[in-house]
Structure formats: structure tokens, C-alpha cells
2 protein chains.
Amino acid sequence: MATVKDIAKQAGVSVTTVSRALNGYDDVSEKTRARIREIAESLNYSPNAMARSLVTNQSKTIGLLVSGLSEEGAKDHFTFDVLNGLNDRASEYGYDLILFNTNSAKQRVKSYAQLCRERRVEGVILQGVKVDDPYLQEVIESDIPCVLIDIPITGKNVGYVTTDNVLGAYEAVRYLIKQGHEAIAFMNGHEKAYVSGKRLEGYNQAMAEAGVPVDASWVLNGEFSEPVARDQALRFLQEHREVTAMFCSSDLMALGVMQASKRLGVTVPKDLSIVGYDDIVIAEYAHPSLTTVAQDKFQMGSAAADLLMDFLQGKETSGEKILPTNLVIRDSVTRLR
Amino acid sequence: MATVKDIAKQAGVSVTTVSRALNGYDDVSEKTRARIREIAESLNYSPNAMARSLVTNQSKTIGLLVSGLSEEGAKDHFTFDVLNGLNDRASEYGYDLILFNTNSAKQRVKSYAQLCRERRVEGVILQGVKVDDPYLQEVIESDIPCVLIDIPITGKNVGYVTTDNVLGAYEAVRYLIKQGHEAIAFMNGHEKAYVSGKRLEGYNQAMAEAGVPVDASWVLNGEFSEPVARDQALRFLQEHREVTAMFCSSDLMALGVMQASKRLGVTVPKDLSIVGYDDIVIAEYAHPSLTTVAQDKFQMGSAAADLLMDFLQGKETSGEKILPTNLVIRDSVTRLR
DNA sequence: TTGTAGGCGTTATCAA
DNA sequence: TTGATAACGCCTACAA
């Protein structure tokens with residue numbers, strides 16, 4: 001593989017000149033620059049990014065840490081969409097993405113932070129990690145600039161991107177109320193998730209506003225899992241025939257609730273209205289199609305890239321980006337009366 | 001950031017000793033090794049992968065080139081699943097993945113091959129590219145070891161992973177025939193795709209075996225697109241009320257056909273049986289749920305990693321891996337008579 | 001068992 | 001406008 005030295009030799013100049021010619025410095029005559037360019041091309045020269053990084057101390061690389069990336073059966077496109085947005089924007093900044101995953105088969109000895117330091121990533125995006133994940137602490141304390149998805153931590157070079165979970169849930173529940181529902185249960189996710197707390201807030205808020213008292217036992221924990229939500233719903237719906245609607249903290253759980261309904265002979269939306277959260281692809285194809293709170297996952301990715309770049313460029317920033325949600329109305333809710 | 005030099009200084013030894021102690025050479029006394037390890041730890045030392053690469057000439061990095069990665073609305077989990085399998089296996093080999101995408105907003109000046117050379121990736125996986133993609137040629141000619149997904153090219157350090165498309169299609173159609181169908185149309189993808197040719201082969205084979213003549217006009221081109229398949233089906237189904245089944249070269253197209261059926265008042269599967277291909281997540285949730293030819297995408301990814309490693313380690317290999325498919329029977333096919 | 005010295009490919013500093 | 005030279009952090013003959 002050709003190096004600057006090869007070019008220099010062939011052009012009869014020094015490596016310095018070659019370097020500067022190729023990097024567009026203006027203290028090199030156009031004539032030699034042209035000659036050098038030509039030779040570089042003919043030699044199929046590509047600068048060695050690593051050698052460059054070594055001296056500039058810039059790897060032009062950002063790390064993506066995804067917990068549970070390798071798990072099969074991740075039905076929600078969430079991770080992937082965020083990754084796309086991220087990659088798209090990062091490449092605009094001239095950065096490439098490098099992927100790390102935690103749960104490798106051979107219990108990886110190296111820690112996240114170590115991986116990042118070895119590769120000298122300039123920043124990190126963390127996604128899908130739980131609030132109590134030990135990796136989380138490790139990375140935050142590592143002083144590598146870092147942006148979290150859906151975990152609200154800010155600090156020196158630490159920020160996060162999320163959507164307006166309170167408002168999203170609020171609007172969903174208010175929509176149900178406007179459709180005449182009052183007996184509205186809430187299938188929430190596990191407590192380790194930041195978003196769960198926020199969405200509960202939104203639920204409570206909408207209920208309070210409508211003057212509907214909230215029964216704590218009507219807030220279920222589906223652990224963001226389809227089968228768990230199904231089982232929870234199975235139990236709950238049998239005990240509470242009076243419920244007319246259920247708001248779910250994820251589409252996957254909403255699908256679980258649908259399954260439970262079907263099994264119990266409860267027709268959606270006639271006997272039970274359901275609203276989900278996320279707007280995953282399946283939502284549109286479910287039967288009936290699912291009314292849900294949509295998050296723009298692609299945008300979450302690019303916003304995360306933007307925020308990280310702010311850190312890297314030393315820009316002043318609050319370190320938080322809260323994106324809007326959008327209620328997508330389909331066929332899983334019926335108007336009461 | 002701590003370097004070997006720092007450690008050496010603090011331990012009162014040379015950098016050589018540090019390097020060898022940390023890399024597990026046995027010509028260093030256990031006592032000094034222990035001391036060096038301790039100091040390294042206390043200094044939070046991580047070796048600089050780039051400096052190491054520079055001298056070992058091994059980047060421990062493989063590139064992933066995905067065409068159309070950033071396109072929103074890629075409903076099939078395909079790319080993502082493959083990526084997961086790839087990443088999972090690669091990390092077992094001690095390799096990290098670096099992502100490149102072509103269609104960045106700012107028309108990226110650098111070519112794929114250039115990107116790969118700059119980052120000194122040891123090998124490349126190419127996915128989602130069309131047979132006539134200029135990038136394809138470029139990469140293949142670049143003499144970087146490379147594995148293609150679903151494109152049958154082999155050569156020096158070039159190989160591919162695919163599934164048995166002929167057999168997959170054959171089994172799908174034979175299944176339809178066993179259910180009593182004879183008037184079976186085929187919604188194929190575009191001709192630029194390798195898999196389309198193969199699946200057509202399988203279709204023809206099964207039909208011939210059953211002694212059912214194939215009418216070329218019954219083979220449609222849905223371009224692997226949901227709306228295109230829908231429109232094609234709309235036209236075709238109106239003209240051919242005698243068709244009882246349609247085999248589709250992708251689940252997405254099968255969904256398009258379902259939409260068309262619905263619009264025409266043709267009930268699936270009572271009036272029209274449908275078999276798809278891929279087994280994307282939506283297939284299970286569609287209404288009726290879709291009988292389809294499943295491909296293990298995760299496994300395709302890990303097989304690709306394996307093959308690439310064979311190249312990198314100079315192992316003898318045919319350069320092709322053809323994985324099995326698996327007919328998943330759900331509710332979109334009815335038994336005739 | 002340990003240390004010295006050279007080099008990987010690039011950029012940066014300084015002098016010519 | 002150009003060139004010599006010294007880094008960057010690491011590994012690896014070779015010598016001690």
C-alpha cells in the first residue's frame with residue numbers, strides 16, 4: 001500500500017510537501033500540487049487514518065454501545081432506526097461509527113470504557129441500557145463525551161436525547177377520554193426505565209384533568225415484554241370487566257394485550273380500546289391496526305449525533321434534547337356511547 | 001491518557017519490558033509483571049489500538065457496507081438481523097465493526113474502497129447492493145477480502161453467503177400444490193437481484209414436477225416493493241379470477257398482494273392463498289398471518305463473519321455458504337376442495 | 001530477564 | 001515555496 005514516502009520519492013519532493021499538497025495547504029505551488037495529486041492517484045494512495053490519528057489525536061470515530069444488540073427476536077425496529085439516524089448524521093460530520101456490543105458469547109473481558117479508550121473513540125452513544133447498568137456508570141465516569149438515549153443524565157460532556165414522554169402519554173390518555181372512556185388501565189414498562197416514570201406522569205395528569213380518580217392497581221407492569229403484558233392483561237381483564245380502554249407503554253405490550261383480549265373473547269376495539277407507544281412497523285399491520293404514540297427514532301439518532309458534536313466542538317449546550325411525539329390514530333380505539 | 005512510557009517510568013523499567021509484560025510474553029519475571037500490571041491498572045491504561053495497528057499492520061476491524069442503510073421505512077428487519085449476527089460473531093474473533101454508508105446527504109466524495117483503505121479494514125461485508133452497483137465492482141477489485149450477502153460472486157478473497165433460494169421457492173410452491181392448488185401465480189422481485197432468478201427456478205421446478213404448465217404472464221415483477229406488488233396484483237387479479245394462489249418473493253410484496261385482495265373483495269385465504277418469503281416480523285402479525293419461507297438472517301450474518309475470517313486466516317474455502325430455509329406454515333393458505 | 005534502538009505513516013515545527 | 005527532523009504510542013529484533 002502506497003505511502004506518502006512513495007509519492008515523495010516518485011515526485012522528487014519531500015514527504016512534507018506531499019502531505020501539505022494533499023491536505024490542501026496553500027503554501028505549495030499549484031504545479032507541484034497537481035503533479036503530486038496525479039502520482040497519488042496513479043498509486044491508488046489512501047492516507048492511513050491510524051497514522052494520522054496518532055499524530056493529530058483525533059480518531060474521527062464515535063462508538064455506539066447497544067445493550068442487547070445481539071439478542072435475537074428484538075421485534076422493535078427502535079435500535080436500528082436510531083442507528084440509522086446516527087450513522088447518517090455522523091457521516092456528515094466526517095465521523096464513522098464503530099459498534100461495540102456487550103453480551104458476546106465469550107464473556108468479553110474488556111469493559112466498554114476500555115474498548116472505547118483502546119479505539120480512542122472521541123465520543124460514545126449509549127442505547128438500550130438500563131438505568132442500573134454498571135456499564136452506564138463506567139462510561140459516564142470515563143470522561144469520554146457521551147450521549148444517552150432515553151436516560152436523563154447530564155453532566156460534563158454527558159447529555160441525553162429523549163422524547164416528551166409526559167406529553168406523549170398525556171395526549172394518548174386524553175384522546176381516550178375524549179372518546180368517552182373513563183375506565184382506563186395503564187400497562188406500563190418496568191421501573192428501571194426512565195420513560196416509564198414519565199409516562200405514568202402523563203397518564204395521571206390526563207386522568208386528573210378529567211376528574212377521573214386513578215386506582216393504583218390499574219397501573220400494571222408489563223416489563224416492556226409482549227408475553228408478560230399478555231399474561232398481566234389476561235389476569236387483569238378477567239377481574240375487571242368494567243375496563244373499557246388500556247393505554248400501553250409500548251406497542252409490543254399492546255400486541256400482548258391484544259392477544260389476551262382475543263383469548264378472552266374480548267373484541268378490540270368494540271369491547272376494549274387500546275393505545276400503544278412507539279409506532280413500530282408492526283403497529284400498522286396488526287389487526288386491528290394500532291393507535292399509538294409515535295416517536296421519530298431516526299431523528300433521535302441524528303439529534304444524538306448533533307449533541308455529541310456539540311460536546312466535541314466545545315459548544316455551550318444544555319445537554320438535553322427532548323423531541324416531540326405524535327399520536328397516530330388507527331383502528332384500535334372506539335368511541336364510547 | 002497513560003502510555004507504556006508512563007508505566008515504564010513509574011515502574012523503573014524500559015518500555016520493552018512493559019510491552020512484553022502486558023502482552024503475556026514469558027520472558028519477564030512474574031514479580032515485575034505483577035508490578036507492571038498493578039501500575040497499568042492504577043493509571044487506567046488502555047493500549048492505543050491505532051499505534052498498535054500501525055506497527056502490527058492489523059486493524060482488527062471489519063467494514064460493513066450497506067446500501068440504503070439510511071433510508072427510512074426499511075420495514076424488513078433483514079439488514080439489522082444480519083448486522084447483529086455479524087457483530088456477534090466478529091466480536092468473538094476480537095474484531096470490531098465499522099459502519100460505512102453510501103447515500104449520505106452530502107454526496108460523499110470518497111468511494112467505498114477508499115474509506116476501507118483509509119481505515120485499513122481487514123475485510124468487508126457488503127449487503128443490500130444491487131448486482132450492477134458500481135461500488136460492487138470497485139470493492140471486488142480492491143483486493144480487500146470481501147463477503148457478499150446474496151450476490152453469488154467468488155474469487156480471490158471474495159465469497160458470498162446466501163440461502164438456498166431454489167429449494168426455498170420449490171418447497172413453497174410444492175406446498176401450495178399439495179394443498180390442491182394449480183393456478184399459482186408468482187410475484188417475483190426485480191431482475192437485478194440474484195435471488196429472483198433462483199426463486200423463479202424453484203417455482204418452475206415445482207410446477208414442472210406437478211405437470212402444471214407455466215404461463216410466463218403469470219410471473220409478475222413486484223420489484224420487492226409493497227406498493228408495486230399491490231398495484232401489480234390489483235391488475236392481475238382482476239384479469240385472472242381463476243388464480244387460486246400466489247407465491248411472493250418477499251413478505252413485503254405478499255403484504256401488498258393482501259392489500260390488493262382486500263380492495264377487490266378477494267378473501268385470503270378462502271379465495272386466494274398467499275405464501276411469502278423472508279419471514280419478517282410483520283408476517284406473524286399480519287391478518288391472516290403469513291405462511292412464508294423463513295431465512296435465518298442472524299445466521300447469515302455470523303456465517304458471513306466466519307467466511308471472512310477464513311479468508312483472513314488464509315484458510316482454504318470454496319468461498320460460498322448456502323444456508324437452508326424453512327417453510328413456516330401459518331394461516332394464509334387454504335386447502336383446496 | 002531486561003534494555004537499546006529503529007520503525008510503522010502521518011502531521012507539525014522550524015529553518016532554509 | 002520547500003525540506004529536515006521530531007514527534008505520536010506501540011512492537012520487536014538484537015544486544016547486554
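Residue numbering restarts at 1 for every chain, and letters A, B, ... go by the order of the sequence lines.
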Classify the side chain of B:Thr32 versus the base of C:dT2 as yes if they form a donor-acceptor pair under 3.5 Å and no if they do not. no
Between C:dT1 (P) and B:Arg33 (CZ): distance, integer Å: 10 Å
Want to settle it: does A:Leu54 or B:Ser14 sit nearer the 5' end of DNA chain C, counting the closest nucleotide to each? B:Ser14
Just the rounded figure in Å: distance from P of C:dT11 to CD of A:Gln58. 12 Å
Is it the case that the side chain of A:Asn23 and the backbone of A:Tyr25 share a donor-acceptor pair, with hydrogens and angles ignored and the cut-off at 3.5 Å? no
Taking B:Thr163 for its side chain and B:Asn165 for its backbone only, find out whether a donor-acceptor pair lies under 3.5 Å. no
Can a side chain N or O of A:Tyr25 be found less than 4.0 Å away from OP1 or OP2 on C:dA12? yes
Would you say B:Arg89 and B:Glu92 make side-chain contact, with heavy atoms under 4.5 Å? yes
Nearest whole angstrom, please: distance from the P of D:dC11 to the CD1 of B:Ile36. 13 Å
For atom CZ of B:Arg120 and atom P of C:dG9, their distance in whole Å: 8 Å
Taking only side-chain nitrogens and oxygens of A:Lys5, does any of them come within less than 4.0 Å of OP1 or OP2 of C:dC8? yes
Polar pair under 3.5 Å, donor/acceptor by atom type, side chain A:Arg20, base D:dG3: yes
Do any side-chain nitrogens or oxygens of B:Ser29 fall under 4.0 Å of OP1 or OP2 in C:dT2? yes
Would you check if A:Phe298 and A:Asp88 make a side-chain contact, meaning some heavy-atom pair closer than 4.5 Å? yes
Integer-rounded Å distance: D:dG9 C1' and B:Lys9 NZ: 13 Å
Tell me the interatomic distance from B:Leu22, atom CG, to D:dC11, atom P, rounded to whole angstroms. 8 Å
For a quick check of understanding: with a heavy-atom distance under 4.0 Å over all strands, which category does A:Asn57 fall into, base, sugar-phosphate or nothing? nothing
Closest nucleotide of DNA chain D for B:Asn48 versus for A:Thr17: which of these residues is on the 5' side? A:Thr17
From CG of A:Asn23 across to C1' of C:dA12 the rounded distance in Å is 12 Å
Are A:Thr16 and D:dT2 close enough that a side-chain N or O sits under 4.0 Å from OP1 or OP2? no
Within the structure shown, what part of the strands sits under 4.0 Å from B:Asp27 by heavy-atom distance: base, sugar-phosphate, or nothing? base
How close do B:Cys116 and B:Phe100 get, counting heavy atoms only, and between which atoms? SG-CE1, 4.0 Å
Between atom CE in A:Met50 and atom C1' in D:dC8, what is the gap in whole Å? 14 Å
